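Structure first, then comments.
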Amino acid sequence: MAVNENTKLSVAFVLAPNFTMVAFSAFVDTLRLAADEGDRSRPIQCAWTVVSHDMRSIRASCGIQIMPTAELPEPHGFDYIVVIGGLLDGPKIAPRWVLI
């Protein structure tokens, strides 16, 4: 979802390899319900995006692939950056993310 000057809250999601889908989907759905009035799923009050350093799909621990919607921007462009972790024995987040 696009972040614009009228958005009161902006959130970027960083998804770790083998991230847990329930953590991601619950957070996004909470934002979706809070973003609008009248249950129309309009991002009036807040907006979110999945960011990536290489724009390749990220595989959840359940096997579903999520495509990022934006490259890694300057972090000060968001109110919050949420990292959704993965399995403990899985691949790690790319070193570039550690610099945020």
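Just the heavy atoms: all of them, side chains too, but no hydrogens, waters or symmetry mates, feed the values below. Being a predicted model, the structure only gives us computed values, none of them experimental.
Using a 4.5 Å cut-off on side-chain heavy atoms (C-beta onward), Val11 and Asp79 make no contact. Counting heavy atoms from C-beta outward, Val51 and Pro68 have side chains that stay 4.5 Å or more apart. Contact check for Leu72 versus Val14: no side-chain heavy atoms found under the 4.5 Å cut-off. Looking at heavy atoms from C-beta onward, Val82 lies out of side-chain contact with Trp48 at the 4.5 angstrom threshold. Here the side chains of Tyr80 and Leu9 are in contact, with some heavy-atom distance below 4.5 Å.
Considering all non-hydrogen atoms of both residues, Ala35 and Cys46 come closest at CB-SG, 3.5 Å.
Under the 3.5 Å distance criterion, the side-chain polar atoms of Thr69 are matched with a main-chain donor or acceptor of Val50.
Pairs passing the salt bridge (charged side-chain N to carboxylate O under 4.0 Å, His left out) check and including a residue from residues 20-31, sequence neighbours excluded, read Asp29-Arg32.
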Per-pair distances, 0.1 Å, donor-acceptor, side chain in residues 57-64, under 3.5 Å, sequence neighbours excluded:
from  : atom 1 : to    : atom 2 : distance (Å)
Ser57 : OG     : Gln65 : OE1    : 2.7
Arg59 : NH1    : Asn18 : OD1    : 2.9
Ser61 : OG     : Phe19 : O      : 3.4

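Atom CZ of Phe13 is separated from atom CZ of Phe78 by 10.5 Å, given to the nearest 0.5 angstrom.
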